[in-house]
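These notes are about the structure you will find just below.
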Amino acid sequence: MQNIHAPKNIQELQQRCQQINGQTLGQLATALQFNIPADLLHAKGWVGQLLEAALGATAASKAMPDFPDLNIELKTIPINAQSKPLESTYVCSVPIKNSMQSWRESWVYNKLKHVLWIPIISNPELTIQQRIICAPIFWQMPEDIEEILRTDWEELMEMLQLGYAQKLSAKFGTYLHIRPKAANSRVLIDYVNAEGELTKIVPKGFYLRPSFTQAILNNYLAQQKTLSVSQYTVSDHNS
DNA sequence: AGCTGATCATAT
DNA sequence: ATATGATCAGCT
């Protein structure tokens with residue numbers, strides 16, 4: 001596996017997903033000549049970048065889908081052997097200064113409209129190289145889900161526009177919520193609060209709660225499919 | 001144990 | 001500084 005170009009069509013992308021389905025991250029990293037980090041603390045984006053390389057996602061691009069020609073976004077989901085998401089999913093940064101957009105114009109909607117989810121069995125007791133790539137989930141945002149996301153997004157953006165960023169905690173939002181997104185909490189940007197005063201806040205990002213990705217996984221599993229072709233069968237429910 | 005706030009690396 | 005890719009880790 002080498003010199004991977006951008007997939008020309010969705011069939012080609014599906015084929016590539018099939019080729020890595022069931023492989024360990026160690027196997028894939030070796031094939032792509034990626035160095036395997038000792039831990040993810042100092043390599044938090046490593047898994048995503050490995051999968052990007054394997055599938056021919058356009059690397060180092062900005063404000064674009066991972067597969068621009070196909071208009072598909074790639075997201076890895078760390079899950080345990082019971083197919084439970086272990087983390088939330090980062091979507092994009094929150095536009096603080098921009099004037100109000102409509103939902104359909106928003107970055108959140110356009111990033112999440114078509115997503116290729118790739119679950120990775122990532123139990124903490126598994127070393128990085130032992131972690132297993134599962135079957136791909138090609139997903140298009142259903143209408144009922146869109147309504148929930150749209151409502152979340154509109155409420156969150158309204159709070160920001162009205163100057164209530166300080167009160168806007170991660171507790172708001174059914175599926176979509178807002179959390180800090182910065183190198184650290186000392187990174188600050190300008191923000192006009194509800195009183196019209198110029199203040200500073202930590203840059204923020206949109207994230208999807210684990211309950212959101214759990215619903216996607218459950219729906220997929222309900223179609224009599226398994227997430228992995230390896231000896232590690234995700235559909236086995238125990239402990 | 002799950003959630004929320006904080007944090008890490010790299011590229012442009 | 002801000003975008004990409006996320007996971008860490010303290011607190012409830």
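Below, read A as the first sequence line, B as the second, and so on, with proteins coming before strands; counting in each chain starts at 1. Keep in mind that this is a model prediction, so the values were computed, not measured.
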Between [atom2] on [N] and [atom1] on [X], what's the gap in Å once rounded to a whole number?
X      : N      : atom1 : atom2 : result
A/D39  : B/dA9  : CG    : C1'   : 12 Å
A/N184 : B/dC8  : CG    : P     : 7 Å
A/I120 : C/dG5  : CD1   : C1'   : 13 Å
A/I77  : C/dT7  : CD1   : P     : 10 Å
A/K44  : C/dT7  : NZ    : P     : 9 Å
A/M64  : B/dT12 : CE    : P     : 14 Å
A/L208 : C/dT7  : CG    : P     : 13 Å
A/Y90  : B/dA9  : OH    : P     : 17 Å

Using the 3.5 Å cut-off, write out each protein N or O paired with an N or O of nucleotides 1-4 of chain B and the distance between them.
unit_1	atom_1	unit_2	atom_2	d
B/dG2	OP1	A/K84	NZ	3.1
B/dG2	OP2	A/K84	NZ	3.0
B/dT4	OP2	A/R209	NH1	2.7

Would you say [X] reaches [N]'s phosphate, i.e. side-chain N/O to OP1/OP2 under 4.0 Å?
X     : N     : result
A/T89 : C/dA6 : no
A/H42 : B/dA9 : yes
A/W46 : C/dT4 : no
A/S93 : C/dA3 : yes

Between [Y] and [X], is there a side-chain heavy-atom distance shorter than 4.5 Å?
X      : Y      : result
A/E52  : A/L55  : no
A/L116 : A/W139 : no
A/F67  : A/I10  : no

- Query: Salt bridge check: are A/K8 and A/D69 linked by an N-O gap of less than 4.0 Å?
  - Reply: no
- Task: Could you tell me whether A/E87 and A/K44 have a side-chain N and a carboxylate O separated by less than 4.0 Å?
- Result: no
- Task: When you get a sec, tell me which of C/dA6, C/dT4, C/dT7 is the closest nucleotide to the side chain of A/L40?
- Result: C/dT7
- Query: C/dT2, C/dC8, B/dG5: which one has an atom nearest the side-chain heavy atoms of A/I189?
  - Reply: C/dT2
- Query: If you look at every heavy atom in A/W107 and A/S93, which pair is closest and at what distance?
  - Reply: CZ3-OG, 3.4 Å
Could you check whether [X] gets within reach of a base, just the sugar-phosphate, or nothing at all, counting any heavy atom under 4.0 Å?
X      : answer
A/K111 : sugar-phosphate
A/P203 : nothing
A/G45  : base

- Query: What about A/K181: does its side chain form a donor-acceptor pair under 3.5 Å with the base of C/dT4?
  - Reply: yes
- Query: Starting at the 5' end of DNA chain B and moving along, which residue's nearest nucleotide shows up first, A/Q49 or A/Y207?
  - Reply: A/Y207
- Taking atom CD1 of A/I201 and atom OG of A/S185, what is their separation to the nearest 0.5 Å? 13.5 Å
- Note on the structure: The side-chain contact (heavy atoms from CB on, under 4.5 Å) partners of A/K75 (sequence neighbours excluded) come to A/E73, A/T89, A/V115, A/W117
